Amino acid sequence: RLRHMLYTSYLFLVISLIVLLIWSPWAILGYRWQLKTTIFPSAYETLRNELREKEYRGTVLVLPWHMYLQCRFTPMARVLNPIGGMLAPIPLIFPDNIEMEWLSTNSVNPTSQKITQFLETHDRVILDAIGVDNILLMKHCADAVRYSWLRNVCDAKRETEEYVFYERSR
């Protein structure tokens with residue numbers, strides 16, 4: 001009986017040491033409060049379902065043009081633009097460059113460069129060249145108010161509390 005107790009306590013000690021070596025206290029405690037769940041507005045899911053039901057084949061440009069942004073529905077200050085996951089598998093064009101107050105990168109992707117040019121010039125011909133059919137403006141994310149000029153370039157097909165879905169007439 002004593003031998004069994006010693007064996008059990010040694011086994012517990014060895015397993016504890018292995019766990020401490022693999023999972024340091026910093027790793028275990030580092031996960032606290034780091035990950036937060038987000039409930040996305042149902043309006044985006046409704047849009048995705050409608051586009052899928054209609055077998056949408058076009059390409060949607062997503063604005064604001066930021067890879068990392070803050071939205072009203074995100075609990076953290078800045079997150080990776082969540083629209084790709086919310087509207088999958090709809091074909092989207094969304095940014096691959098970083099724009100923050102203290103950091104800005106330029107994309108080497110030709111499509112991103114043309115979108116940046118469109119945002120500077122408001123020339124619809126640029127969108128024709130890259131095959132953009134619709135524009136989705138997320139109203140409560142980042143600097144969405146700066147895109148009010150879109151109403152002069154496109155027709156609002158659908159507007160909800162969360163977004164404006166513009167249709168481009170070619």
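Sequential numbering from 1 along the given sequence is applied to the chain's residues. Keep in mind that this is a model prediction, so the values were computed, not measured.
- Judged as a ring-ring contact (aromatic ring centres under 6.0 Å, His included), and not counting sequence neighbours, F165 has no contacts.
- The side chain to side chain contact (heavy atoms under 4.5 Å, CB included) check on M86 picks up F40, Y44, F73, P82, I83, with sequence neighbours excluded.
- Under the rule for a salt bridge (charged side-chain N to carboxylate O under 4.0 Å, His left out), the partners of K157 that lie at least two apart in sequence or sit in another chain are E167.
- Considering only residues two or more places apart in sequence or on other chains, E53 meets the salt bridge (charged side-chain N to carboxylate O under 4.0 Å, His left out) condition with none of them.
- Within the structure, every pair that satisfies the salt bridge (charged side-chain N to carboxylate O under 4.0 Å, His left out) test and touches residues 136-145, not counting sequence neighbours, is listed here: K139-E159, D143-R146.
- Classification of R168 and D128 as a salt-bridged pair holds, one side-chain N sitting under 4.0 Å from a carboxylate O.
- The side chain to side chain contact (heavy atoms under 4.5 Å, CB included) check on T46 picks up E50, R158, with sequence neighbours excluded.
- Nearest heavy atom pair, residue M138 against residue P64, reads O-CD, 3.7 Å.
- Between T160 and L47 the shortest side-chain heavy-atom distance does not fall below 4.5 Å.
- Under a 4.5 Å side-chain heavy-atom cut-off, the cluster of Ile, Leu, Val, Met, Phe, Trp and Tyr residues that includes L17 is completed by L13.
- Looking at N81 and M67, their side chains never come closer than 4.5 Å, going by heavy atoms from C-beta outward.
- Side-chain atoms of N134 and Y56 include a donor-acceptor pair closer than 3.5 Å.
- Nearest heavy atoms, S9 versus L6: OG-O, 3.0 Å.
- Legend: residues meeting side chain to side chain contact (heavy atoms under 4.5 Å, CB included) with N109, ordered by chain and number and at least two apart, are D96, S107, T111, S112.
- For residues 122-148, every residue pair satisfying the ring pair (Phe, Tyr, Trp, His ring centres under 6.0 Å) rule, not counting sequence neighbours, is listed here: H122-W149.
- The hydrophobic cluster of V125 has no other members, since no ILVMFWY side-chain heavy atom comes under 4.5 Å of it.
- Q113 is linked by a side chain to side chain contact (heavy atoms under 4.5 Å, CB included) to nothing, counting only residues two or more places apart in sequence or in another chain.
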